[in-house]
Novice: 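The structure's right below; bear with me while I get my questions together.
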Amino acid sequence: MSFEIQGKLHKKFDTESKTATFQAREFVILIEEGNYPQYIKFQLTQDKCDIVDQFETGNEIKVWFDLRGREWNEKYFTNLNAWKIEKVNQDPISENPKYEESDFPIDSDMPEEISDNFEDDLPF
């Protein structure tokens, strides 16, 4: 199963060698929706451990991940195994941009061929 989520990079941990042939690294994103902030911890493994290096704490990122679960001695573990991280544009276009008066032409700015034939047909 593949999922994606967006949040602010909160913390990066160092890469750990779990065995001679397996390494893992964790990082946490902060999601500030609803009444309480959510801190979500992800795991990177093997050759993916360094993909979080290009991001700084506080960057808005999108994380693609898989759910991984396993059982050991009748205990159950779940990991969010990240496999792709991308920076999110932090300068979104405003939904209500502010316009300057110069953004709107006035009659004197109309080309001559239009202004010669222009008649004000407003009823007031």
Side-chain angles (χ1 to χ4, degrees):
M1 285 184 270
S2 183
F3 300 91
E4 62 185 66
I5 192 166
Q6 184 174 316
K8 285 185 183 176
L9 181 59
H10 179 72
K11 185 169 179 114
K12 297 187 282 188
F13 295 92
D14 292 332
T15 301
E16 297 178 5
S17 294
K18 303 292 186 176
T19 67
T21 59
F22 181 76
Q23 61 181 359
R25 183 177 189 182
E26 295 177 335
F27 67 96
V28 177
I29 66 169
L30 169 62
I31 301 172
E32 297 181 289
E33 293 178 1
N35 294 332
Y36 302 100
Q38 300 296 312
Y39 295 89
I40 312 296
K41 182 176 71 170
F42 293 89
Q43 175 179 276
L44 298 161
T45 57
Q46 300 299 78
D47 61 335
K48 301 288 185 193
C49 288
D50 60 350
I51 64 174
V52 75
D53 286 339
Q54 61 186 311
F55 305 102
E56 300 295 325
T57 301
N59 285 158
E60 187 77 19
I61 59 174
K62 183 183 273 190
V63 179
W64 283 263
F65 63 98
D66 297 324
L67 290 174
R68 299 285 181 202
R70 66 188 183 285
E71 183 267 336
W72 180 73
N73 289 340
E74 295 189 22
K75 293 183 182 178
Y76 298 90
F77 300 91
T78 304
N79 285 346
L80 304 178
N81 194 35
W83 48 271
K84 180 180 176 184
I85 305 172
E86 185 176 276
K87 189 171 183 177
V88 175
N89 182 7
Q90 292 183 328
D91 298 322
I93 297 172
S94 173
E95 290 182 23
N96 297 313
K98 296 188 179 189
Y99 295 102
E100 299 293 326
E101 203 172 301
S102 62
D103 292 338
F104 301 96
I106 55 174
D107 289 347
S108 63
D109 291 339
M110 278 190 211
E112 203 170 305
E113 62 273 2
I114 295 175
S115 63
D116 288 344
N117 298 325
F118 182 76
E119 290 184 25
D120 187 0
D121 61 350
L122 294 176
F124 48 88

Novice: Looking at Ile31 and Gly7, what are the two nearest heavy atoms and their distance?
Specialist: CG1-CA, 4.3 Å
Novice: Quick one: do Glu60 and Lys8 make a salt bridge, cutoff under 4.0 Å?
Specialist: no
Novice: About how many Å separate CG of Asp50 and CD of Gln23, when rounded to the nearest 0.5 Å?
Specialist: 8.5 Å
Novice: Consider only side-chain heavy atoms of I, L, V, M, F, W and Y, link residues closer than 4.5 Å, and tell whether Phe55 and Phe42 are in one cluster.
Specialist: yes
Novice: Just wondering, do Asp53 and Ile51 contact through their side chains at under 4.5 Å, heavy atoms?
Specialist: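 No, every pair of side-chain atoms sits at 4.5 Å or beyond.
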Novice: What's the separation between atom SG in Cys49 and atom CD in Gln43, rounded to the nearest 0.5 Å?
Specialist: 8.0 Å
Novice: Any link between Phe65 and Val28 through a network of hydrophobic side chains (Ile, Leu, Val, Met, Phe, Trp, Tyr) touching at under 4.5 Å?
Specialist: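 Different clusters: Phe65 never reaches Val28 through Ile, Leu, Val, Met, Phe, Trp or Tyr contacts under 4.5 Å.
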Novice: With a 4.5 Å heavy-atom cut-off, do Lys62 and Lys87 have their side chains touching?
Specialist: no
Novice: If the condition is side chain to side chain donor-acceptor pair (under 3.5 Å), which residues does Glu32 pass it with, not counting sequence neighbours?
Specialist: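 In terms of side chain to side chain donor-acceptor pair (under 3.5 Å), with neighbours along the sequence ignored, Glu32 is linked to no residue.
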Novice: Quick one: CZ on Arg25 to NZ on Lys48, what's the gap to the nearest 0.5 Å?
Specialist: 14.5 Å
Novice: Any sub-3.5 Å donor-acceptor pair from Thr19's side-chain atoms to Thr21's backbone N or O?
Specialist: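 Side chain of Thr19 to backbone of Thr21: a pair is present.
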Novice: Tell me whether Glu71 at atom CD has more than 12 heavy atoms from other residues, nucleotides or ligands lying less than 6.0 Å away.
Specialist: yes
Novice: Just verifying a value: how many Å separate Ile5 CD1 and Ile40 CD1, rounded to the nearest 0.5 Å?
Specialist: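 Answer rounded to 0.5 Å: 5.5 Å.
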Novice: Would you mind writing out the side-chain donor-acceptor pairs for residues 74-81 within the sub-3.5 Å range, not counting sequence neighbours?
Specialist:
none

Novice: So, do Phe27 and Leu9 sit near enough that their side-chain heavy atoms are less than 4.5 Å apart?
Specialist: yes
Novice: Give, for atom OG1 of Thr15 and atom CD of Gln46, the distance between the pair rounded to the nearest 0.5 Å.
Specialist: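 Taking OG1 in Thr15 and CD in Gln46, the distance rounds to 10.5 Å.
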Novice: Applying a strict under-4.5 Å side-chain criterion to I, L, V, M, F, W and Y, I'd like to know whether Leu67 and Tyr39 cluster together.
Specialist: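 Different clusters: Leu67 never reaches Tyr39 through Ile, Leu, Val, Met, Phe, Trp or Tyr contacts under 4.5 Å.
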Novice: Heavy atoms only: give me the nearest Ser2-Asp66 pair and the separation to one decimal.
Specialist: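 Heavy atoms only, the tightest pair is CA-OD1, 3.5 Å.
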Novice: For Tyr36, I'd like to know if atom OH has over 12 heavy atoms of other residues, nucleotides or ligands within 6.0 Å.
Specialist: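 Counting neighbours around OH of Tyr36, 12 or fewer heavy atoms of other residues, nucleotides or ligands fall under 6.0 Å, so no.
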Novice: Decide, yes or no, whether a salt bridge links Glu26 with Lys41 under the criterion of side-chain N to carboxylate O below 4.0 Å.
Specialist: yes
Novice: Could you give the distance from CD1 (Ile61) to CD (Gln54), rounded to the nearest 0.5 Å?
Specialist: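 Rounded to the nearest 0.5 Å, the CD1-CD separation comes to 10.0 Å.
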Novice: Is there a side-chain contact between Glu86 and Val88 (heavy atoms, below 4.5 Å)?
Specialist: no
